[in-house]
Participant: 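This is the structure, below, for whatever I ask next.
Here is the naming used below: chain letters follow the sequence lines, and residue numbers restart at 1 for every chain.
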There are 2 protein chains.
Amino acid sequence: MPSGPGAKLTDVAALARVSVGTVSNVLNRPDQVSFDKRTRVLAAIEELGFVRNESARSLRSGSTRSLGMLVLDVRNPFFTDVALGAENVAEEHKHSLILANSAENAGREQAYLDLFEQQRVQGVLITPFGQVLQRLGRMRERGIPSVLVDRLASTDQFCSVSVDDVAGGATAVEHLVSVGSVRPAFVGGPFTLQQVEDRYRGAADAAARAGVPLQLFETPDLKFERGRQIGDLMGNLQPDKRPDAVFAANDQLALGLLQSFAANGLRVPEDIAIVGFDDIDFASQSSIPLSSISQPRQLIGERAAQLLFDEIDAETGHEHSQVVFTPELVARQSTLRR
Amino acid sequence: MPSGPGAKLTDVAALARVSVGTVSNVLNRPDQVSFDKRTRVLAAIEELGFVRNESARSLRSGSTRSLGMLVLDVRNPFFTDVALGAENVAEEHKHSLILANSAENAGREQAYLDLFEQQRVQGVLITPFGQVLQRLGRMRERGIPSVLVDRLASTDQFCSVSVDDVAGGATAVEHLVSVGSVRPAFVGGPFTLQQVEDRYRGAADAAARAGVPLQLFETPDLKFERGRQIGDLMGNLQPDKRPDAVFAANDQLALGLLQSFAANGLRVPEDIAIVGFDDIDFASQSSIPLSSISQPRQLIGERAAQLLFDEIDAETGHEHSQVVFTPELVARQSTLRR
DNA sequence: CATTTGTCTTGAATCGATTCATTCAAGAAC
DNA sequence: GTTCTTGAATGAATCGATTCAAGACAAATG
C-alpha cells in the first residue's frame, strides 16, 4: 500500500536502473528513449505511483502549462460558455485554464491578476472591469500577454474578441419594426456600460432610419428584477401610450419584462413584442420562447484563446488583431405571432 | 520601463542591501523584520516590480495554496453557486480554487485529477462521476484529501456534503397533495442517478402515505427538451387521465413542462400544477414562477470547503463527517392559484 | 564589567524536475 | 583496422524562494 509523500524522479530512476535524465526523457520525449529502458521506466513509475511535481517542472523549465481567465461573473451563463470555448482550445494545446471570477469588483480583479502573475500563467484572457489596461501592458512586457474578451480593444496594444453591439442593437429594432412595431422601446442601462451604450445607439439609429420614435427606459443595472419593475410600469400606461414592442439590453431584463407582462395580463407578442440580447439557454426555455440577439459564445472563447496562443507562441512579430463577431437574430414566439 | 523576465528575490535583496532571508521574511513574516529594513525591501520590490515565483515557493515549502474543484457541469447554475461558496471559504484561508469541469466524462475526470495531483493541490472538492473513490483514497494516502460534494459518502472514508433528496421528494409531493392534487406524477430519470432514485423514492413514499397513486414518467436524462416532450405527451392525454400535478426531478425538466403546457393551452396551476427541484434562479424568473425544492447551494460549497480545510489542517485524527442538508420548498405560482 | 537574554539577520543548503554538454556504443565508411 | 557518424544515456548544474542553524548586536541583569 503506497503512502506518505510520493516518490520522486530519482526514485524512479533508481528503481529502473537508469539516470534521471532518461526518466525525464521518458516523460517529455519518449521517442528518444530505447524501447526496453522506456518500458522499465514506465513500470517503475507505475509501481511507485510517481506523479511529477509540476512546481519543480515549471520552475526549471520556466514555463507553466496554464492560462488565466478572468470573467465578470461566473454565474452568468454567457461567461461560462465563453470559458468552455476557451478551455477546449487550451486543452488542445495541453494547457489548463484557471477560471477566476472578478465579480465586477476591482479589488478582486487586481488580486486575481496578482495570482496569475505569481503562478506565471502563460497568458490571460480577461473581460476587464476596472482600469487594468496599463497593468496588462506591464504584464505583457514581462512576458504574460493578454487578450480582451467581450471588449473591443480601443488601442492596438491588445488582441480582442468582441461582438458588434451596435449592429446587434440595429438588428433587434429592425426586426421589431418588421413585425409591425410603430412604438418600440429600449430598456437597459447604465449607459456607462459600453455595451449598453452601443446596443442603444444601434437601436436608435435603426429606429431613425425606419422613421419611428424609440422610447427609452433607463435602468440602473441589467438584472431580472429591473425588467420586472419596468414591465409593471409599462403595464400601467395607457394602451395607446404603451410601447408595442421592447428591445431589452439583455435576456435577464427581457425575462423580467415577460414575467411582468404575464402577471399583468398583457399578451406577448400580441399586445407587446419582446426581443432580448445574448440568447442564453433560458431565452428559448421560457414559457413564451424569447426572441434574442445571439452571440457565438463558445466561438468567442475559442477565438480569444487562439489569439492568445498565437501571441504566446510567436517568437516575435505578433500582430494584434481585433476580432468582431456580428450577432444574429434568433426570432422566436415573443416577436412572432403564431 | 521594466521589461524582460521579472526580477527575482536575490535582485531585491541586492537592491535593498539585505540578505535573501530578510526579503523572504518581509514576504512571509513581516513583523519579524525591523521597520527600516522592511521599508527598504518593500521599496525595492516596488521599484523592480518583483513578483514572487509561486512555483519556487511551493517547491521549497512543499505546499501550494490551492484547492481543486471538479464539478459535473460548469454550465449548470447549481454548480457555479456551489463553487462560489467554496471559493469564498478558500479565499478566507488565502487559498485559490481551481475550478474544473468533468462534463460528466470519466476521461476528463481522471485527467483533471491527474492535473490536481501534479499541481499538488492541498485538497479536492469533487462531485464524482465515474468510479473514482478508490483513486481518491490513494490520493488521500499521499496527502491530498477530498470531500464529496452533492453526494453522500457511502463509506466513512470521506467527508461529504449533500442534500436529503428523499426528504426533498417527499416535501414536493406532500405539497402537491396539500394544494389538492389527487393524480400527481413524477417526471425524471435515469434511475441510475442516485438523486433521481432518491427523489422518486421520497415522492412515492409520500404519495403512498397520502393514499394517492403516483404516476411515473421516466426520462433518459434531465434536460429541458425531455421536459417538453413529456409535457406534449401529457397534453395529449384525456383530461381525466392526465396528471393534475407534476413533480419534476429538476428545474430544467420543469421549465420544459411549463413551456409545453403553455404552448398546448394547459393552464398552470389550474389544469396542472408543477413543482421542480433545485430552485435555480430561472425557476423564479419564469413567466409563471416555478415552485421548487431549494437547496442551499452556496452553503453546500462553503461547508464542503470547511470540512476540507479541517482535514487539511488536522495534524492527525480528523473525523470524517457527513453533512446532509434538508432542502426546502419554495412555493410559487406554479402550484398556488392566485 | 561580564554574562545572559532576546531580537534581527544572514547565507548555505534545499525542494524536484529539466537541461545540455559530454560520454558511450555500435554500426557505417574508408 | 581505423575513423566517423549517429543515436542513447548520463549526471552535474540549474531554476528561485524558503528554511534554519548560526551569528551579530543591543539591552537587560547580576
Participant: Using heavy-atom distances to pick each residue's nearest nucleotide on DNA chain C, tell me which of B:R60 and B:D36 is more 5'.
Facilitator: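 Its nearest nucleotide being more 5', the pick is B:D36.
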
Participant: Provide the start and end nucleotides, 5' to 3', of the part of DNA chain C that has atoms under 4.0 Å from heavy atoms of chain B.
Facilitator: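 Listing 5' to 3', DNA chain C meets chain B from C:dC8 to C:dG16.
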
Participant: Check every strand shown and say whether A:F50 touches a base, only sugar-phosphate, or nothing at a heavy-atom separation below 4.0 Å.
Facilitator: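 Answer is sugar-phosphate: A:F50 comes under 4.0 Å of backbone atoms only.
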
Participant: Name the one of A:L15, A:V18, A:T10, A:D11 that satisfies side-chain contact (heavy atoms from CB on, under 4.5 Å) with A:V23?
Facilitator: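 The side-chain contact (heavy atoms from CB on, under 4.5 Å) with A:V23 is passed solely by A:V18 among A:L15, A:V18, A:T10, A:D11.
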
Participant: Can you list the residues that meet the side-chain hydrogen bond (donor to acceptor under 3.5 Å, both in side chains) rule with A:E87, with sequence neighbours excluded?
Facilitator: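 So A:E87 forms a side-chain hydrogen bond (donor to acceptor under 3.5 Å, both in side chains) with B:R108, B:Y112.
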
Participant: Under 4.0 Å between a side-chain N/O of B:R29 and OP1 or OP2 of D:dT19, yes or no?
Facilitator: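 True: B:R29 side-chain N/O within range (under 4.0 Å) of D:dT19 OP1/OP2.
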
Participant: Select base, sugar-phosphate, or nothing to describe what A:V23 touches, counting heavy atoms under 4.0 Å on all strands.
Facilitator: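 Nothing, no heavy atom under 4.0 Å.
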
Participant: Distance only, no hydrogens: is a donor on one side chain within 3.5 Å (strictly under) of an acceptor on the other, for A:D156 and A:Q322?
Facilitator: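 Distance-only check fails for A:D156 and A:Q322.
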
Participant: Pick one: which of B:V71, B:L307, B:L125 meets side-chain contact (heavy atoms from CB on, under 4.5 Å) with B:V149?
Facilitator: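 With B:V149 as partner, B:V71, B:L307, B:L125 yield a single side-chain contact (heavy atoms from CB on, under 4.5 Å), made by B:L125.
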
Participant: On DNA chain D, does the nearest nucleotide to B:S58 precede the nearest nucleotide to A:S61 from the 5' side, or the other way round? Give the residue.
Facilitator: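 By nearest-heavy-atom nucleotide position, the 5'-most residue is A:S61.
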
Participant: Cationic tip of A:R297 within the cone over A:F79's six-membered ring, i.e. under 6.0 Å and within 45° of the normal?
Facilitator: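 No, cation not above the ring by the 6.0 Å, 45° rule.
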
Participant: Select base, sugar-phosphate, or nothing to describe what B:S24 touches, counting heavy atoms under 4.0 Å on all strands.
Facilitator: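 Base contact - B:S24 has a heavy atom under 4.0 Å of at least one base atom.
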
Participant: With a 4.0 Å cut-off, would you call B:R135 and B:D114 a salt bridge?
Facilitator: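 B:D114 and B:R135: salt-bridged.
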
Participant: What does the 5'-to-3' dot-bracket notation of DNA chain D look like when only Watson-Crick and G-U wobble pairs under 3.5 Å count, and pairs to other strands show as |?
Facilitator: ||||||||||||||||||||||||||||||

Participant: Taking 4.0 angstrom as the limit, do B:E54 and B:R65 come out as a salt bridge?
Facilitator: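 B:R65 and B:E54: not salt-bridged.
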
Participant: Among B:S61, B:S58, B:S63, B:S55, which one satisfies side chain to side chain donor-acceptor pair (under 3.5 Å) with A:S55?
Facilitator: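 Result for side chain to side chain donor-acceptor pair (under 3.5 Å) with A:S55: B:S58.
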
Participant: Pick the closest DNA chain C nucleotide for B:G21 and for B:R120 by heavy atoms, then say which residue is nearer the 5' end.
Facilitator: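 Of the two residues, B:G21 wins.
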
